Amino acid sequence: MKMTCLRAGAIRLCLAMMLALLVIPGYIVAPVLFAGAGSQALAGELAGRIFHLSLVTLLFLAAAVASFWWRMQSDGQIIGRRSWILLAALCLLVAINVFGLAPLMADIKQQMGPIDLIPKDNPLRQKFGMWHGISAVLHLLASIVAAMLVATSPIGNDSKKGTCPSL
């Protein structure tokens, strides 16, 4: 098997894992935690840890995809501008959530204490809710961008056969 085919498989795997790292924590794990945990505070703490780990991991995978694409370009393959823009947009959305909004929300949670004990009309709780909603929208957008990358991004091919063999 040629190196280009190994690279293609690695790109496919990275892109699929990036999508999974958004979808599974955001749309499976978090709802289960909030439905089954004894308190919103506990569910939020666990979900926050899971999101942080999964999103930082996603950024490392995005760096791997970028390095594979750079190598493909040095081998003469074309990586379209759209793919680079989608990868950059995904990284930006995730970075805003991880390094901007998550610390801001953690600070608000620290100021208010356990959310279960705070009335819904409390200004800090409302502020937290607003930033949480913005974070959720960014997460949804990141999930859509990741799905677009999985569906449309170049993955490479074997120059002699035209494609890499499949199983």
Side-chain angles (χ1 to χ4, degrees), residues 6-37 39-73 77-110 115-116 120 125-157 164 166-167:
L6 290 174
R7 195 175 304 128
I11 292 168
R12 281 188 192 110
L13 181 60
C14 287
L15 292 172
M17 287 174 60
M18 289 164 61
L19 178 59
L21 286 167
L22 288 160
V23 172
I24 293 171
Y27 304 108
I28 297 172
V29 174
V32 169
L33 280 174
F34 280 94
S39 72
Q40 284 186 339
L42 176 60
E45 176 68 27
L46 294 172
R49 289 180 187 180
I50 292 167
F51 277 114
H52 181 78
L53 181 61
S54 65
L55 295 179
V56 168
T57 302
L58 183 147
L59 292 173
F60 281 107
L61 289 170
V65 169
S67 69
F68 285 129
W69 284 353
W70 276 317
R71 176 60 191 212
M72 288 168 59
Q73 283 184 319
Q77 295 184 22
I78 297 171
I79 307 301
R81 180 180 168 105
R82 176 190 42 86
S83 294
W84 285 108
I85 290 170
L86 287 174
L87 187 63
L90 177 59
C91 290
L92 180 64
L93 290 166
V94 168
I96 289 169
N97 256 346
V98 171
F99 303 115
L101 297 183
L104 177 66
M105 291 187 299
D107 183 53
I108 295 169
K109 285 194 297 186
Q110 185 179 15
I115 199 164
D116 300 312
K120 292 187 190 276
R125 184 168 179 165
Q126 290 176 345
K127 185 177 179 181
F128 175 81
M130 178 192 71
W131 288 115
H132 186 276
I134 292 169
S135 176
V137 168
L138 293 179
H139 191 87
L140 175 62
L141 292 173
S143 299
I144 292 167
V145 171
M148 290 171 65
L149 276 167
V150 169
T152 65
S153 287
I155 54 168
N157 61 28
C164 295
S166 60
L167 295 176

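Fair warning: this is a prediction, and the values are worked out from it, not measured in the lab. Sequential numbering from 1 along the given sequence is applied to the chain's residues.
For His132, the ring pair (Phe, Tyr, Trp, His ring centres under 6.0 Å) partners are Phe128, not counting sequence neighbours. In terms of the salt bridge (Lys or Arg N to Asp or Glu O under 4.0 Å) criterion, Arg125 has no residue partners (sequence neighbours excluded). Checked against side chain to side chain donor-acceptor pair (under 3.5 Å), Ser135 has the following partners two or more places apart in sequence or in another chain: Asn97. Partners of Ser39 by side chain to side chain donor-acceptor pair (under 3.5 Å), not counting sequence neighbours, listed by chain and number: Asp116.
At a threshold of 4.5 Å between non-hydrogen side-chain atoms, the residues Leu93 and Val145 count as touching. When side chains are defined from C-beta on, Leu59 counts as touching Cys91, because their heavy atoms get closer than 4.5 Å. In this structure, Trp69 and Gln77 have side chains that are not in contact, with every pair of non-hydrogen atoms separated by 4.5 Å or more. For the pair Met17 and Thr57, the minimum side-chain heavy-atom distance is 4.5 Å or more.
Atom CG of residue Leu61 and atom OG of residue Ser54 lie 10.5 Å apart, to the nearest 0.5 angstrom. Summarising the geometry, atom OH belonging to Tyr27 is positioned 4.5 Å from atom CG belonging to Leu140; distances are rounded to the nearest 0.5 Å. Within the model, atoms CZ of Phe68 and CG of Leu13 stand 9.0 Å from one another, a figure rounded to the nearest 0.5 Å. Leu19 CG to Leu149 CG: the interatomic distance, rounded to the nearest 0.5 Å, is 9.5 Å. Here CD1 of Ile115 is found 12.5 Å from CD of Glu45. Values are rounded to the nearest 0.5 Å. Between the CE atom of Met72 and the CD1 atom of Ile79 there is a distance of 3.5 Å, given to the nearest 0.5 Å.
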Step-by-step side chain to side chain contact (heavy atoms under 4.5 Å, CB included) determination, Trp84 to Gln73
CA-CA 12 Å; Trp84 285 108; Gln73 283 184 319; 3.5 Å; yes
For Leu138 and Leu101, run side chain to side chain contact (heavy atoms under 4.5 Å, CB included): C-alpha distance rounded to whole Å, both residues' side-chain angles, the deciding distance at 0.1 Å, then the answer.
CA-CA 10 Å; Leu138 293 179; Leu101 297 183; 3.6 Å; yes
Verify side chain to side chain contact (heavy atoms under 4.5 Å, CB included) between Leu22 and Leu55, making sure each step is shown before the conclusion.
CA-CA 7 Å; Leu22 288 160; Leu55 295 179; 3.6 Å; yes
Derivation of the side chain to side chain contact (heavy atoms under 4.5 Å, CB included) call for Leu58 and Leu90
CA-CA 9 Å; Leu58 183 147; Leu90 177 59; 4.2 Å; yes
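Pairs engaging residues 81-93 under the salt bridge (charged side-chain N to carboxylate O under 4.0 Å, His left out) rule: none recorded [sequence neighbours left out]. Pairs of residues two or more places apart, or lying in two chains, never qualify as salt bridge (charged side-chain N to carboxylate O under 4.0 Å, His left out) while including a residue from residues 142-154.
In this structure, His139 and Gly26 approach most closely via the heavy-atom pair NE2-CA, 3.8 Å.
By the 6.0 Å contact criterion, CH2 on Trp70 is open, its count of non-hydrogen atoms from other residues, nucleotides or ligands being 12 or less.
Taking the ring centroids of Phe99 and His52, they lie at or beyond the 6.0 Å cut-off.
At least one donor-acceptor pair under 3.5 Å links the side chain of Thr152 to the backbone N or O of Met148.
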